[in-house]
Amino acid sequence: MFKAMRLRDKMTLWYTTLAVIAVAAFSCALYFMTSYVLQEMLEREARLSLQQLSAQVEFENGMLTFENEVPLSTGSMYYIMEQDGSELASYGKDITLFDRVPMEPGKYREVKSDDDDWLLLDSAPMPVEHSVVRVRVAISCALKTRVLSTLLMVFGIGIPLIMLIALAGGFLIAKHSLHPIRQIIHSAGIISGGDLSERIPNSPVKDELGELTDTLNQMLANVETSFAREKRFTSDASHELRTPVTVMRAYTESMLAEKETSNEQRVSLQTMLTECDHMQQIINQLLTITRGQEGRYPYFMEAINLKAICCGVAETHADALAEKSISLHLDVPADLILEADQSLMTELFLNLVENAIKFGKPHGKINVSSSSDASQVKISVRDNGIGIPTGALPHIFERFYRADTARDRSGTGLGLSIVQWIVEAHHGIIHVESEPDQGTAFSIVFPAKQTKDG
Ligand code: ADP
């Protein structure tokens with residue numbers, strides 16, 4: 001469970017545990033030291049009382065006399081005995097205590113009375129002239145008991161209070177110190193979502209985390225520059241290749257038009273022409289993708305009629321559909337309006353329907369359907385063609401990826417990358433489901449910035 005805890009909670013727990021251990025150890029030490037010092041004071045008082053009382057016993061006129069000159073307090077008791085055990089003098093609120101405890105000279109003993117604890121000390125038999133006396137003193141432990149119980153009460157309230165303060169303080173300190181890390185995680189999430197322009201907010205404090213933030217931001221700036229350079233290179237290269245391919249195509253066409261060209265040469269020239277077309281298609285698609293990703297593709301959002309676009313696409317592909325005897329069914333409401341760029345939306349459907357024809361079976365079926373509610377517009381293009389191998393599904397939106405190059409030699413592997421970019425440019429999401437030999441369905445969801453006609 002501890003392993004699965006968040007770092008902030010772990011730090012708080014550690015901080016609180018250490019604070020409580022430190023306070024508990026300090027409290028124990030304080031308690032035992034106080035107890036030891038108070039005990040020492042009581043024993044010293046008992047010893048002194050014993051000495052003072054013994055010094056006041058005198059032998060006068062053949063008998064022992066005792067006159068106390070020391071001010072008496074309720075916190076002490078004494079009992080002075082003659083040789084035969086008879087009482088010479090006594091003082092205290094409960095001197096019967098001395099009868100209950102046998103004599104043990106020189107030894108400190110703690111004795112309980114009804115309402116107090118007493119420290120008892122007996123003297124050894126002391127000769128006074130021709131006689132012998134014994135002195136017993138009892139010093140009240142009330143002060144010691146009170147001080148120690150007050151200390152225990154302070155600890156009882158103080159330790160839980162310190163624990164709460166440590167918990168709250170530890171939580172705030174951990175939260176505050178880990179704040180830059182949370183920001184780094186948040187920014188990293190945005191960056192891994194594809195936005196390389198995101199930066200971690202700079203910390204005004206130049207500690208280790210501040211340094212880490214600066215280093216990561218510097219690294220991101222470098223990565224963004226290299227990505228931009230790479231995109232720029234692809235875009236520039238495509239642009240530069242356009243003219244030579246157009247020239248090659250023009251020369252090939254003019255050679256094909258010449259009467260002197262032999263049939264054998266015509267076959268080669270026709271192949272060249274096909275390859276030029278293929279190259280031109282790649283160049284145009286690459287330009288669309290790179291310009292789109294760089295944000296340099298000019299598009300204009302307007303209210304477009306989805307059904308009209310689908311009908312246009314069906315017309316464009318009419319020959320290809322007829323060639324494979326594939327039927328195209330449009331199930332799109334005539335009044336469905338979408339806020340989108342007309343030419344990009346046409347490009348999207350052209351690509352999806354072209355793939356559905358290319359990878360469809362002869363006499364197959366293609367369904368383009370759409371539905372909408374207050375929040376979104378759903379569009380799906382479904383075919384009952386050859387399907388996509390399960391292993392290839394995660395890659396089909398990658399640039400130049402083609403699942404089955406053996407069966408299809410005409411594709412560029414760029415069509416779905418363009419489709420994906422168009423969907424993202426319109427803040428939508430695209431999803432594909434496919435079963436080999438059963439067919440493929442592309443589902444697109446756009447946020448509903450659309451309205452119904454009339
Ligand atoms: P291509 O120019 O090869 O069609 P795309 O990017 O449009 O490039 O598609 C990538 C690959 O995804 C295709 O080569 C094909 O293997 C697979 N694919 C796309 N659409 C379909 C479909 N409707 N049915 C089967 N496979 C498809």
Side-chain angles (χ1 to χ4, degrees), residues 12-57 66 68-81 87 89-126 133-171 173:
T12 309
L13 212 66
W14 272 114
Y15 183 79
T16 311
T17 312
L18 289 178
V20 168
I21 290 175
V23 172
F26 174 76
S27 306
C28 281
L30 186 67
Y31 181 86
F32 287 113
M33 266 173 62
T34 311
S35 167
Y36 177 78
V37 169
L38 288 172
Q39 183 69 20
E40 281 277 286
M41 279 167 58
L42 286 175
E43 289 178 3
R44 194 164 157 268
E45 194 182 335
R47 272 196 317 272
L48 273 174
S49 300
L50 212 62
Q51 277 170 15
Q52 282 169 350
L53 289 166
S54 313
Q56 287 163 50
V57 180
F66 173 78
N68 189 17
E69 289 153 8
V70 182
L72 301 168
S73 78
T74 49
S76 65
M77 298 195 288
Y78 65 79
Y79 189 88
I80 305 172
M81 280 188 271
E87 176 184 324
S90 68
Y91 170 79
K93 59 179 178 181
D94 185 17
I95 53 166
T96 57
L97 182 97
F98 292 109
D99 299 335
R100 299 202 297 269
V101 187
M103 288 199 78
E104 263 190 75
K107 201 166 171 195
Y108 297 102
R109 281 164 297 157
E110 279 196 21
V111 182
K112 267 193 183 324
S113 77
D114 289 343
D115 55 353
D116 209 350
D117 287 345
W118 298 87
L119 182 73
L120 205 72
L121 184 62
D122 298 327
S123 72
M126 292 187 307
V133 289
R134 286 176 165 207
V135 183
R136 309 186 79 184
V137 290
I139 307 291
S140 167
C141 298
L143 180 73
K144 179 186 166 189
T145 315
R146 226 176 23 249
V147 170
L148 291 182
S149 61
T150 309
L151 260 184
L152 281 182
M153 199 176 75
V154 170
F155 295 158
I157 299 170
I159 292 180
L161 204 72
I162 288 172
M163 197 172 137
L164 281 180
I165 294 171
L167 204 69
F171 179 80
I173 293 171

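One-based numbering along the sequence shown.
- Residue M126 places its CE atom among more than 12 non-hydrogen atoms of other residues, nucleotides or ligands, all under 6.0 Å distant.
- The side-chain hydrogen bond (donor to acceptor under 3.5 Å, both in side chains) check on S90 picks up E87, with sequence neighbours excluded.
- Applying the side-chain hydrogen bond (donor to acceptor under 3.5 Å, both in side chains) criterion to T16, with sequence neighbours excluded, gives no partner residue.
- Contact of the D116 side chain with the D94 side chain is not registered, since no non-hydrogen atoms from C-beta on lie closer than 4.5 Å.
- Qualifying side chain to side chain contact (heavy atoms under 4.5 Å, CB included) partners for L121, counting only residues two or more places apart in sequence or in other chains: A46, R47, L50, Y108, V137.
- Evaluation of the ring-ring contact (aromatic ring centres under 6.0 Å, His included) rule for F155 yields no partner, not counting sequence neighbours.
- For R136, the side-chain hydrogen bond (donor to acceptor under 3.5 Å, both in side chains) partners are D122, not counting sequence neighbours.
- Sorted by first and then second residue, the salt bridge (Lys or Arg N to Asp or Glu O under 4.0 Å) pairs involving residues 14-27 (not counting sequence neighbours) form an empty list.
- Judged as a salt bridge (Lys or Arg N to Asp or Glu O under 4.0 Å), the pairs with a partner in residues 141-169 (not counting sequence neighbours) are, in order, E110-K144.
- For D115, the salt bridge (Lys or Arg N to Asp or Glu O under 4.0 Å) partners two or more places apart in sequence, or in a different chain, are K93.
- For residues 30-43, the set of pairs meeting the salt bridge (Lys or Arg N to Asp or Glu O under 4.0 Å) definition, not counting sequence neighbours, is empty.
- Residues passing the side chain to side chain contact (heavy atoms under 4.5 Å, CB included) test with P105 are A124, sequence neighbours excluded.
- Taken to the nearest 0.5 Å, the CZ atom of R134 stands 12.0 Å off from the OH atom of Y79.
- For K112, the side-chain hydrogen bond (donor to acceptor under 3.5 Å, both in side chains) criterion is met by D117, not counting sequence neighbours.
- The OG1 atom of T17 lies 9.0 Å from the CG atom of L167; values are rounded to the nearest 0.5 Å.
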Please tabulate, for side-chain N and O atoms in residues 24-38, each donor-acceptor pair with protein atoms closer than 3.5 Å (sequence neighbours left out).
{"residue": "S27", "atom": "OG", "partner": "V23", "partner atom": "O", "Å": "2.7"}
{"residue": "T34", "atom": "OG1", "partner": "L30", "partner atom": "O", "Å": "2.5"}

